[in-house]
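Note sheet for the following structure.
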Amino acid sequence: MAEPGEATEVQAALLRLRRTSGLPVVFGGLLSDARHARIAELNGAQTSALRGLVISAGSGLGGKAMALSRPCAVTDYASARHISHEYDTAVAAEGLRSVVAVPVVVRRRVRGVLYGALRTPLALGDRTFDAAASAARDVEQALAVRDEVRQLLTTTREQLSGAGEGPGVWEDVREAHRELRALVPRIADPDLRDELLVVCGRLASATGSDRPPETRYVRLAPREVDVLACVASGATNAVAAERLGLRPETVKAYLRSAMRKLGAHTRLEAVVAARRVGLLP
């Protein structure tokens with residue numbers, strides 16, 4: 001079953017597909033189990049015939065795209081000979097004729113399917129195929145990031161529960177903190193982003209270090225903390241820039257600002273100070 005944030009990613013991708021391709025109807029959904037996708041998101045539909053339709057792998061146009069893990073299209077759905085026709089009633093009720101279906105594939109596993117359609121039987125050109133493939137890639141990238149976040153959160157919670165078992169554990173906690181901080185700006189779902197920040201906060205304060213009274217009001221911008229987390233792992237400015245998707249000059253600026261706020265004169269002093277005030281684990 002798709003999570004709310006995942007549904008939002010599909011909605012956004014379909015909206016972009018409709019805008020960039022000019023297709024009047026776009027729809028799609030994610031897999032509910034290993035072989036079935038549920039059409040949950042529609043844009044431009046005039047009826048509710050397609051909503052909630054469960055697509056089986058191998059059945060219909062979308063099921064064929066799912067089974068083959070590649071885009072499939074028909075110029076006239078009702079008369080197409082190379083697909084099965086379990087869903088003709090719903091397709092006809094919406095008046096769809098020319099249809100393209102693109103699977104959403106993450107790490108070689110089909111996770112959903114997106115459609116675009118015309119109400120006239122016209123051959124779809126390269127522009128339409130490119131727009132549909134681009135929309136699917138958007139969803140794929142978003143799902144891959146969410147998978148990575150969930151895996152990191154699980155690992156991080158295990159590390160938190162095992163904190164205190166030895167110095168090696170803290171290196172793992174610090175690396176998890178850096179990776180999670182780097183992922184936060186890539187998350188569109190506000191609930192998931194907030195969850196990440198909460199876990200990052202728990203990691204940062206997990207050492208249990210007492211904060212000196214004179215440092216309790218230190219406030220760093222999120223990107224300043226991200227840069228310090230990279231620096232704490234031994235990254236150069238160039239490596240930090242690559243990890244965070246920033247320019248090296250921007251990393252330098254964030255680092256200088258963080259050092260000034262922390263009263264530090266070197267990179268090492270800044271990391272130590274940030275840990276002392278609970279901004280880094």
Side-chain angles (χ1 to χ4, degrees), residues 1-18 21 23-121 123-124 128-144 146-147 150:
M1 185 66 67
E3 298 179 5
E6 295 175 340
T8 300
E9 300 291 355
V10 174
Q11 291 172 2
L14 289 173
L15 183 61
R16 288 191 293 273
L17 172 56
R18 189 180 182 192
S21 68
L23 293 170
V25 187
V26 294
F27 52 101
L30 300 177
L31 265 66
S32 55
D33 58 40
R35 290 186 53 81
H36 301 90
R38 181 176 178 273
I39 304 302
E41 311 301 331
L42 298 94
N43 193 298
Q46 296 177 347
T47 74
S48 60
L50 297 169
R51 186 175 297 280
L53 199 65
V54 176
I55 308 299
S56 300
S59 300
L61 183 67
K64 182 177 180 179
M66 289 161 55
L68 298 177
S69 293
R70 63 175 175 79
C72 297
V74 294
T75 300
D76 191 348
Y77 195 99
S79 62
R81 297 181 179 180
H82 302 296
I83 62 171
S84 60
H85 289 273
E86 292 88 343
Y87 313 111
D88 281 11
T89 300
V91 172
E94 186 58 43
L96 305 182
R97 304 290 294 277
S98 183
V99 186
V100 60
V102 183
V104 174
V105 184
V106 181
R107 296 184 178 90
R108 299 183 180 181
R109 184 164 69 94
V110 175
R111 298 280 293 274
V113 61
L114 305 183
Y115 299 81
L118 296 170
R119 292 190 171 90
T120 52
L124 299 171
T128 300
F129 278 91
D130 290 345
S134 178
R137 282 196 300 272
D138 288 344
V139 180
E140 290 164 0
Q141 291 170 3
L143 293 181
R146 292 179 69 89
D147 289 349
R150 289 302 182 194

Exercise. Hey, mind stepping through Tyr87 and Ser56 against side chain to side chain contact (heavy atoms under 4.5 Å, CB included) and telling me if it holds?
Worked result: CA-CA 10 Å; Tyr87 313 111; Ser56 300; 4.0 Å; yes
Taking the side chain as every heavy atom from C-beta outward, state whether [X] and [Y] have any atom pair closer than 4.5 Å.
| X | Y | result |
| --- | --- | --- |
| Cys72 | Val100 | no |
| Leu31 | Arg38 | no |
| Leu96 | Leu50 | yes |
| Leu143 | Leu30 | yes |
| Val91 | Tyr115 | no |
| Arg51 | Ile39 | no |
| Leu114 | Val139 | yes |
| Ser98 | Tyr77 | no |

Quick one: [atom1] on [X] to [atom2] on [Y], what's the gap to the nearest 0.5 Å?
| X | Y | atom1 | atom2 | value |
| --- | --- | --- | --- | --- |
| Leu17 | Asn43 | CG | CG | 9.0 Å |
| Thr8 | Glu41 | OG1 | CD | 7.5 Å |
| Ser79 | His85 | OG | NE2 | 7.5 Å |
| Leu118 | Thr128 | CG | OG1 | 7.0 Å |

For this session: Show your reasoning for whether side chain to side chain contact (heavy atoms under 4.5 Å, CB included) applies to Arg35 and Asp33.
Result: CA-CA 6 Å; Arg35 290 186 53 81; Asp33 58 40; 4.2 Å; yes
Problem set entry | Under 3.5 Å donor-acceptor, Ser59 side chain and Gly63 backbone | no
Exercise. Are the side chain of Lys64 and the backbone N or O of Ala101 linked by a donor-acceptor pair below 3.5 Å?
Worked result: no
For this session: May I ask you to say whether Asp147 pairs ionically with Arg111, meaning some side-chain N is under 4.0 Å from a carboxylate O?
Result: yes
Exercise. Can a salt bridge be assigned to the pair Arg146 and Glu9 using a cut-off of 4.0 Å between side-chain N and carboxylate O?
Worked result: no
Problem set entry | Contact summary for Gly29 and Ala37, nearest pair of heavy atoms | O-CB, 4.4 Å
Exercise. Do you know the tightest heavy-atom contact between Gly62 and Ile55?
Worked result: C-CG2, 4.1 Å
Exercise. Any chance CZ of Arg16 has more than 12 other-residue heavy atoms, nucleotides or ligands included, within less than 6.0 Å?
Worked result: yes
Problem set entry | Over 12 foreign heavy atoms within 6.0 Å of CZ, Arg119 | yes
Seminar exercise, completed: Asp88 meets the salt bridge (Lys or Arg N to Asp or Glu O under 4.0 Å) criterion, sequence neighbours left out, with none
